[in-house]
Each structure stands twice: as C-alpha cells, then as structure tokens.
Amino acid sequence: MRVEATLSLNDAQRRAVEHRGGALLVVAGAGSGKTRVLAARVARLLADGVRPEAVLAFTFTNRAAREMRERIERSVGEAARRLWVGTFHATAVRILRREAAAAGIPPAFAIYDREDQEGLLREIVKRLELPEAAFRLGPLIARIADSKNALVTPDQAARAAVSPYEKQVAECYRLYQRQLRENGALDFDDLIAELVRLLLGDPGVAKRYAARFEHVLVDEYQDTNHAQFRLVERLSRVHGNLFVVGDDDQSIYGWRGADLANVLEFETAFPGAEVIRLEQNYRSTRLILEAANAVIAHNRGRRAKTLWSEREEGPRLRFVLAADEVDEARRITAFLDERRRRGGRLDECAVLYRTNAQSRALEIELRARSTPYEIVGGVSFYQRREVKDLLAYLRLVANPRDGAAFWRVWNTPRRGLGPAVRGLVEARMERDGAPVEALRALEAGGTLTRVARAGAGAFLEILDDLGRHRDAPPDRLLLRLLERSEYFKTLESDGAAADDDRRANIEELIAAGARVAAAGGGLLEFLAESSLTTDADRLAEGADRVLLLTAHNAKGLEFPAVVIAGLEEGLFPHANAFEDPARMEEERRLFYVALTRAADEVLLTAAAYRRRFDGARGGRVSRFVEEIPSTLLDAEELVTARAAEGEAAHWGGDGLRRAGSGARSASRAPAPTRADPHHRAVGREVFHESFGRGVVVAAEGEGGAAKFTVRFGGSVRKVLGRFLTGGDDGH
DNA sequence: TGGTGCTCAATTTTT
DNA sequence: TTGAGCACCA
Ligand SMILES: Nc1ncnc2c1ncn2[C@@H]1O[C@H](COP(=O)(O)OP(=O)(O)OP(=O)(O)O)[C@@H](O)[C@H]1O
C-alpha cells in the first residue's frame with residue numbers, strides 16, 4: 001500500500017505521517033500541508049492495518065470532513081467510509097444519540113440553534129423582569145456559551161458570580177438549562193459539554209469509547225476550545241495516540257472560546273509529546289508569502305516561525321482604493337473580468353471580506369454585470385423561514401417536547417390559534433409536559449372555542465399522521481407534510497419572485513432529505529444534518545462562479561486568485577478590536593488567513609467612503625495594508641486619466657466669497673448623500689494646508705459647497721473644496 | 001384572531 | 001436600510 005503514490009510528501013511531512021504513535025503536534029504556517037499530512041496519516045494507519053472504525057478524526061467543517069474522507073477513500077478504498085471523521089459537533093451528536101440513556105437525555109433530543117436559544121432566553125428575561133437594555137440576548141447567549149465552553153455549570157457560574165449583573169446572568173443560565181431540559185433539547189455548546197460530562201462522569205462509557213478509538217486526530221487544532229480539549233484528552237488518554245495539526249497564527253475563533261493554550265501548552269498537557277514543524281509552503285507565490293509573513297510578524301504574542309516557498313516570485317499584490325463601496329464592487333468586478341480575458345476562470349477566484357453585510361454591494365454589481373457568483377454564509381439555507389417551518393414539524397414528530405418547534409408552527413399555516421389558546425396550553429403543560437400533549441388534552445376537553453378546537457384538531461392530525469410514518473424516508477415525510485398542511489397556501493401572500501424562491505428552497509429541502517435517505521439515514525439523521533450543516537458545507541464544485549465569503553469562512557480553503565475587500569480601519573480590523581490588543585492580534589491573524597488563501601494573485605481593496613445602515617463613514621486604509629512592505633505592493637491610484645483634463649487651480653472657486661459657515665476641515669463631514677466616483681475631479685492631485693498632497697477619490701456637489709474625498713498618504717479625509725488647491729502648481 | 005404599521009436595533013466573525 | 005417584535009385596530 002503506497003500512501004505516497006497519491007500524496008507526495010517532503011521529509012518533515014513524512015516524519016509526521018510515519019510517526020510511531022503517542023502524542024504528536026504538527027505546528028506549521030499556512031499552506032505547509034498540514035491537512036494533507038493529516039489525511040496521509042489516516043491513510044497510513046489504515047494501510048498499517050488499523051480498523052477504520054477505530055480512527056477518530058475531527059475537522060473544523062463538515063465540508064473538510066467530507067473532503068478528507070474522499071481523499072482517503074481515493075488512496076485506501078471504501079474502508080474509508082467506516083472512519084469516524086467529522087466536526088466536533090457532528091461526532092458529539094453521533095455519540096450522544098447512542099449513549100442518550102447514560103447521558104440522561106432523550107435519544108431523539110433536539111438541537112437548538114441561535115433562534116431557538118433566543119426564544120427561550122427572551123421568555124426568561126421577561127419572566128425575571130430584567131431590564132432588556134442591559135440584558136440583550138446576544139451578549140447573554142455569548143456569556144452562557146462561554147460558560148459551557150469552559151465546562152462551567154450554572155451552579156458554578158452562580159458561585160463565581162460577583163457583581164449583581166453576573167449573578168443575574170448565572171440565574172438566566174440556570175433557567176435556560178432547565179428550559180432546554182424540559183424541551184428535550186441541547187444547544188450547540190451543550191453537544192460538546194454534555195459529551196465531556198458523560199465521559200468524565202460515567203466510567204463505563206468512558207472506557208468503552210477509549211477502547212473503541214485507537215487513534216484520535218484533530219485538524220485546525222488552534223481553534224479548539226477548552227471543552228473540546230477535554231474531549232480530545234479523554235478520548236485519547238488510554239492509548240495516547242493523539243495527532244493534532246494547527247497553526248497558532250491562524251487562530252481566529254477566540255471569541256468563540258478557542259484557546260491557543262491548547263497548542264502552546266500541548267507538550268505540558270501530553271507529556272512525552274513530539275512536535276514537528278513544517279516550513280515549506282506549497283500554496284503561494286513568494287511575494288504573497290512574503291507579504292503574509294511581514295504582516296503577521298507584527299503580532300507580539302507568537303512564536304516566530306519560518307515559512308518559505310519554492311514557487312516563483314509572482315506578481316506584486318495589487319491595491320486599489322475605491323471611492324465608495326459601489327466603486328469598490330466595480331473595481332472588483334473589473335478585476336474578475338480582466339482575469340477572465342486572460343483566460344482565468346471565475347471559480348478560481350474568491351472575494352473575502354470581514355462582515356457578511358459587505359456582500360450586498362458586491363452582489364448588486366456582480367448581478368448587474370451578469371457575473372456568476374455564490375455567496376457563502378449570511379442567512380444559510382437551513383435558516384430560511386420556509387425551511388425552518390417544515391423542519392419544525394419534523395422536529396415535533398421526533399420530539400414532541402420541543403417547544404421551540406411547537407410554537408413556531410402550531411399556527412402556521414393559520415389555524416385560528418393565538419395568545420388566548422397559548423395561555424391555556426402553557427397552563428396545561430404544567431401537567432402534561434409536552435406542548436403537543438397539552439394541546440391534545442385541551443382539544444379533547446371542552447374548553448376551546450369551536451374555531452380553536454378545529455385548528456388544534458387539524459394540527460394534531462398532521463403530527464399524528466407524520467408520526468405514523470416516522471420511519472419513512474425524510475423526503476417522503478416532507479411530501480406528506482406539504483400535502484396535509486397545505487403549507488404552500490401560506491406562501492401565496494408574498495410576491496411571485498419570493499414565492500418561487502421559497503418553492504425552490506422547499507424542493508431543495510426535499511432533495512436533501514432524499515440524499516440522507518439514500519445514505520441510509522432517517523428522520524433523526526436528517527434533523528441533525530439540518531442543524532449542523534452550514535452554507536460552506538453545501539458548496540458544490542463545478543459551477544464557474546466567483547465565491548463571496550467572510551475571511552472566517554475561507555479558513556482552510558485555497559484559491560488561485562483572492563480579493564480581500566473592505567480593508568479600512570474600523571472594518572478590517574474591526575472597530576471592536578481597537579481597545580484590546582489581543583483582539584487586534586486576532587484581527588491580524590484573520591487577515592493572515594485571508595491573504596494566505598491565495599496561490600497566485602491578490603487584489604486588496606478599500607473604500608474611502610462606505611455607506612452603513614446609519615449613514616456613511618470614511619475610514620483610513622487598514623493598517624494591515626500598510627504593514628505589507630511597499631515593494632510588494634502595486635498600489636494603483638484612482639482613474640489617473642481624469643487628471644489629464646484641464647481644470648482651474650482652485651477648487652470650488654467661489655467658496656471663499658461665500659463666507660459664513662465656520663471653517664471646518666471636516667474630516668468628519670455630515671453623512672454625505674452621494675459621493676460621485678465619476679465626478680470630473682476624481683483622480684486630480686490636490687494640496688491641503690494641513691494634510692498636504694493628496695488625490696481626490698470622490699467628490700460631491702459643485703462650487704463652494706463641493707466636498708471632496710481625498711486620500712492623503714495612508715489616510716482618507718473629506719474636505720471642503722475651498723481648502724484645496726490644485727497640486728500641479730505647488731500650492 | 002389577524003393584519004397593518006410603528007419603533008427599534010442591528011453589522012463582527014459561526015459550529 | 002432592513003428585519004423583527006410589538007401595539008393597536010378591524
Ligand atoms: N509535499 C507536497 N508536495 C506538493 N504539494 C503539497 C505538498 N504538501 C502540501 N501541498 C499542497 O499545498 C497546499 C496546502 O496544503 P494544505 O491545505 O494541506 O496546507 P495547510 O497547512 O493545511 O494549509 P492552511 O493551514 O493554510 O489551511 C495544497 O494545495 C497541497 O496540495
């Protein structure tokens with residue numbers, strides 16, 4: 001069996017792959033082949049006769065898991081299908097379903113997503129009469145998640161709480177856990193935490209799994225949190241065969257509890273562990289790598305590492321400062337077009353950004369230019385209303401105690417059930433527990449009005465009918481549901497286009513159900529998949545389109561051409577990181593991740609002005625751009641052709657005569673209405689008393705009121721025309 | 001009960 | 001600017 005036949009390896013890589021066993025940490029920079037080594041290691045183990053079901057590998061995304069499995073399958077054949085390869089969450093679900101009894105949870109437990117969590121906590125905050133302004137759901141959920149990721153129980157949180165605020169958060173946490181339990185549900189973080197608790201608390205189960213798995217492997221180890229560390233530690237303690245790969249410079253999920261100590265203190269946690277470093281990058285051209293190395297070197301808290309490439313030098317990284325986000329989108333589209341004319345394909349390109357909201361401007365422009373694109377992230381498929389509605393019915397079939405699912409659809413489509421009946425059901429739930437049973441009792445009794453009774457009857461009938469077919473393939477279940485619930489009727493209210501969209505989504509959901517069935521899965525597998533699958537996991541190969549995604553979502557991917565957009569102070573790095581050096585370093589690592597996705601070509605863009613939901617804002621060019629040595633940058637100035645036009649030396653000529661308004665140098669001008677990137681002034685060199693020489697990137701208005709967006713060196717400011725002189729004649 | 005329209009918050013990142 | 005929650009009225 002020749003692993004090397006499918007995956008060639010350098011010496012260091014081979015040493016890792018052929019490691020004798022025990023604990024091994026492979027730390028290495030971007031593109032050094034860590035993922036490849038992990039896959040080769042698994043293939044090697046199988047070739048050496050290790051049973052596939054005794055190999056447990058954790059990946060960061062479901063997609064990575066699928067690719068890993070496929071890769072290994074290519075080298076060792078279909079035994080690869082029996083491997084345990086998956087994300088921490090998917091693997092935890094798999095084990096918890098089997099060990100539900102020991103874990104003290106229902107085997108068909110529901111998995112609560114963000115929306116479900118918010119629903120529970122909204123009720124709790126209301127019930128405790130906490131001030132909503134101070135107890136926003138987002139931070140509250142984040143705090144609870146932090147506790148869970150650190151394996152802190154509600155009791156421990158309450159004991160550790162000092163301030164009244166912390167005490168109340170702990171109380172919310174306690175009630176929230178109780179609610180989850182009553183609903184027979186776990187949230188994402190519980191999946192890991194409950195599994196760890198089970199392994200720590202039940203020696204029998206712990207022993208069984210320690211014996212079942214002989215090798216544990218972890219990809220993207222730098223982004224594991226404490227609970228995940230404990231899980232890995234528990235599962236590998238007996239045999240000690242732990243193989244992890246990671247890069248401390250690519251840790252970008254600190255806000256989710258990722259703990260770099262897992263990497264930095266690996267040798268302490270696993271005495272006798274070996275560390276192997278990989279130093280050759282196979283992905284990027286030398287200039288790209290040099291730029292990435294230069295930027296990341298600005299981080300203080302890191303172990304310096306070597307990373308070199310044998311590849312050609314490659315072209316310099318291009319930088320474009322656009323006037324605003326619309327202009328930026330245009331420049332990016334133009335870049336993609338130009339690349340296509342050179343023979344490049346769209347699917348070799350990705351546009352990376354810091355926040356999902358940035359995709360909108362890009363989307364509009366790409367659509368206008370008929371450039372095929374695909375957005376990854378944002379509102380994902382399984383979060384769409386119609387999809388969640390239908391899934392809620394299936395969730396109720398699996399687990400009648402699932403209150404979030406129940407309240408979501410008990411009156412969808414409309415059945416005349418509202419707050420009045422809800423009160424009755426809730427009262428009744430004290431006795432019957434499950435909302436479905438409470439409703440059933442009410443329907444049987446005489447308390448409901450005629451309308452409500454009919455509605456309740458219709459709803460229960462659908463659930464009962466589905467319940468009788470719970471073992472049918474998920475797609476059949478969905479079809480049955482659509483037929484009985486007349487769900488399509490609720491769709492007809494909206495516009496035709498949105499309607500078609502919804503129908504298409506429903507079709508796709510049915511197809512997803514059929515796929516699960518084809519793979520031998522049933523209702524529970526389908527529901528788990530719908531909870532754990534993200535947009536990035538659903539990416540299909542083959543279509544020639546440019547990918548639009550956040551830098552976070554791009555982790556682990558690689559593209560011949562990468563565009564990084566929105567490189568402005570406040571956006572990337574995000575303003576929320578300004579006061580905290582540690583968070584700023586994480587922003588920098590994020591930029592490093594983004595940059596190192598590129599193999600051949602990089603375009604960096606920023607917008608001098610960016611419209612936000614609450615107005616517009618100008619930002620300086622990102623410090624990260626400035627941390628790239630200028631010799632590596634091809635910083636193109638805007639539309640220089642326009643500078644050729646003759647123009648008066650003074651801008652907005654009559655401004656001085658129109659005295660009155662106080663002299664404001666207006667770096668923070670009032671929200672501009674429309675900065676026109678095609679204004680005839682754009683591209684002109686100008687001179688400002690205090691800011692010096694600059695280039696106009698946008699302008700709006702005429703005469704004395706004219707305002708110009710000007711780039712002075714690295715910073716971009718908005719200034720009134722009357723403070724500017726043409727740059728050509730000195731001042 | 002259900003529909004309309006108002007107000008307010010949200011945009012940092014996600015398994 | 002959009003979406004969601006909520007108050008108010010038919
Ligand atoms: N020994 C090798 N010979 C040729 N190509 C290699 C070798 N090792 C890795 N590569 C290639 O280098 C690229 C990066 O590999 P891989 O994705 O495994 O790196 P990584 O360290 O996991 O990257 P990152 O951490 O940046 O996500 C891939 O295209 C891979 O095929």
Side-chain angles (χ1 to χ4, degrees), chain A residues 58-65 86-93 111-115 117-119 122 126 132-133 136-139 141-142 145 148-149 186-193 220 223-225 227-228 251-258 352-361 364 376-380 382-383 385 411-422 449-452 455 490 493 528-529 531-537 549-555 566 570-578 583 586-587 589-591 593-594 610-617 671:
Chain A
F58 292 110
T59 58
F60 197 73
T61 63
N62 294 294
R63 179 167 188 243
T87 62
F88 278 96
H89 294 86
T91 301
V93 169
I111 301 167
Y112 271 21
D113 69 4
R114 176 66 185 229
E115 220 179 316
Q117 293 181 289
E118 281 180 3
R122 189 173 291 122
K126 234 181 257 169
E132 283 183 35
R136 298 222 178 287
L137 266 19
I141 290 174
K148 292 183 177 184
N149 291 333
L186 302 185
D187 66 21
F188 281 115
D189 305 303
D190 278 337
L191 295 174
I192 316 292
E220 307 280 13
D223 276 321
T224 50
N225 61 36
Q228 291 165 335
S251 172
I252 55 176
Y253 283 94
W255 49 275
R256 217 171 69 183
L352 274 38
Y353 37 78
R354 181 65 179 80
T355 68
N356 284 303
Q358 289 169 254
S359 66
R360 170 158 289 167
I364 292 168
V376 180
V379 180
S380 79
Y382 283 109
Q383 289 172 336
R385 196 184 73 202
N411 194 36
T412 308
R414 306 251 175 255
R415 302 186 176 93
L417 300 173
V421 184
R422 176 164 184 160
T449 65
R450 208 167 311 146
V451 177
T490 61
S493 47
E529 178 168 313
S531 299
L532 301 176
T533 300
T534 68
D535 237 27
D537 300 325
L549 69 175
T550 61
H552 280 93
N553 261 325
K555 175 157 109 151
L571 187 58
F572 200 174
H574 198 273
N576 290 354
F578 281 164
R583 292 176 69 178
E586 181 155 311
E587 294 287 311
R589 291 194 292 267
L590 183 59
F591 181 72
V593 168
R610 189 174 293 277
R611 270 167 283 271
R612 286 168 51 95
F613 60 91
D614 55 355
R617 198 181 57 178

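Note that these values count all heavy atoms, side chains included, but never hydrogens, waters or copies made by symmetry. Each chain gets a letter, A, B and so on, in the order the sequences are listed, and its residues count up from 1. Fair warning: this is a prediction, and the values are worked out from it, not measured in the lab.
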NA contact type, A:Asn411, heavy-atom cut-off 4.0 Å: base, sugar-phosphate, or nothing?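 Result for A:Asn411 = sugar-phosphate.
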Under 4.0 Å, counting only non-hydrogen atoms across every strand here, what does A:Ala575 touch: a base, just sugar-phosphate, or nothing?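 No contact at all - A:Ala575 keeps every heavy atom at 4.0 Å or more from the nucleic acid.
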Atom [atom1] of [X] to atom [atom2] of [N]: distance rounded to whole Å?
{"X": "A:Gln358", "N": "C:dT2", "atom1": "CD", "atom2": "C1'", "result": "17 Å"}
{"X": "A:Leu137", "N": "C:dA4", "atom1": "CG", "atom2": "P", "result": "14 Å"}
{"X": "A:Asp537", "N": "B:dT15", "atom1": "CG", "atom2": "P", "result": "7 Å"}
{"X": "A:Asn62", "N": "B:dT15", "atom1": "CG", "atom2": "C1'", "result": "8 Å"}
{"X": "A:Glu115", "N": "C:dG3", "atom1": "CD", "atom2": "P", "result": "14 Å"}
{"X": "A:Asn225", "N": "B:dT15", "atom1": "CG", "atom2": "C1'", "result": "10 Å"}

Gap in Å between the two P atoms, one belonging to C:dA4 and one to B:dT13, rounded: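 16 Å, rounded to whole Å.
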Using atom names, set out every protein N or O paired with an N or O of nucleotides 6-10 of chain C below 3.5 Å, distance rounded to 0.1 Å.
none

Whether A:His89 side chain and A:Leu191 backbone form a donor-acceptor pair below 3.5 Å: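 Such a contact is absent between A:His89 side chain and A:Leu191 backbone.
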With distance as the sole test, does A:Asp187 use its side chain to make a donor-acceptor pair with the main-chain N or O of A:Ile111 at under 3.5 Å?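 No; judged by distance alone, with no hydrogens or angles, the pair does not exist.
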Taking N or O atoms only and anything under 3.5 Å, show me the protein contacts with nucleotides 3-5 of chain B, one pair per line.
{"unit_1": "B:dG3", "atom_1": "OP2", "unit_2": "A:Arg414", "atom_2": "NE", "d": "3.1"}

Identify, with sequence neighbours excluded, every residue that meets side chain to side chain contact (heavy atoms under 4.5 Å, CB included) alongside A:Ala452.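 Result, side chain to side chain contact (heavy atoms under 4.5 Å, CB included) vs A:Ala452: A:Leu417, A:Val421, A:Leu448, A:Thr449.
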Tabulate atom names and distances for all N/O pairs under 3.5 angstrom spanning the protein and nucleotides 11-14 of chain B.
{"unit_1": "B:dT12", "atom_1": "OP2", "unit_2": "A:His574", "atom_2": "NE2", "d": "2.9"}
{"unit_1": "B:dT12", "atom_1": "O4'", "unit_2": "A:His574", "atom_2": "NE2", "d": "3.3"}
{"unit_1": "B:dT12", "atom_1": "O2", "unit_2": "A:Arg354", "atom_2": "NH1", "d": "3.1"}
{"unit_1": "B:dT12", "atom_1": "O2", "unit_2": "A:Arg354", "atom_2": "NH2", "d": "2.1"}
{"unit_1": "B:dT12", "atom_1": "O4", "unit_2": "A:Arg583", "atom_2": "NH2", "d": "2.2"}
{"unit_1": "B:dT13", "atom_1": "OP1", "unit_2": "A:Asn356", "atom_2": "N", "d": "2.8"}
{"unit_1": "B:dT13", "atom_1": "OP1", "unit_2": "A:Asn356", "atom_2": "ND2", "d": "3.0"}
{"unit_1": "B:dT13", "atom_1": "O4'", "unit_2": "A:Arg354", "atom_2": "NH1", "d": "3.2"}
{"unit_1": "B:dT13", "atom_1": "O2", "unit_2": "A:Trp255", "atom_2": "NE1", "d": "3.0"}
{"unit_1": "B:dT13", "atom_1": "O2", "unit_2": "A:Arg354", "atom_2": "NH2", "d": "3.4"}
{"unit_1": "B:dT14", "atom_1": "OP1", "unit_2": "A:Thr550", "atom_2": "OG1", "d": "3.1"}
{"unit_1": "B:dT14", "atom_1": "OP1", "unit_2": "A:Asn553", "atom_2": "ND2", "d": "3.1"}
{"unit_1": "B:dT14", "atom_1": "OP2", "unit_2": "A:Asn356", "atom_2": "ND2", "d": "3.2"}

Using the side-chain hydrogen bond (donor to acceptor under 3.5 Å, both in side chains) criterion, which residues pair with A:Glu118? Sequence neighbours excluded.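 By the side-chain hydrogen bond (donor to acceptor under 3.5 Å, both in side chains) rule, A:Glu118 matches A:Arg114.
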Under the side-chain hydrogen bond (donor to acceptor under 3.5 Å, both in side chains) rule, collect the residues that match up with A:Arg422, sequence neighbours excluded.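 Listed in chain order: A:Glu426.
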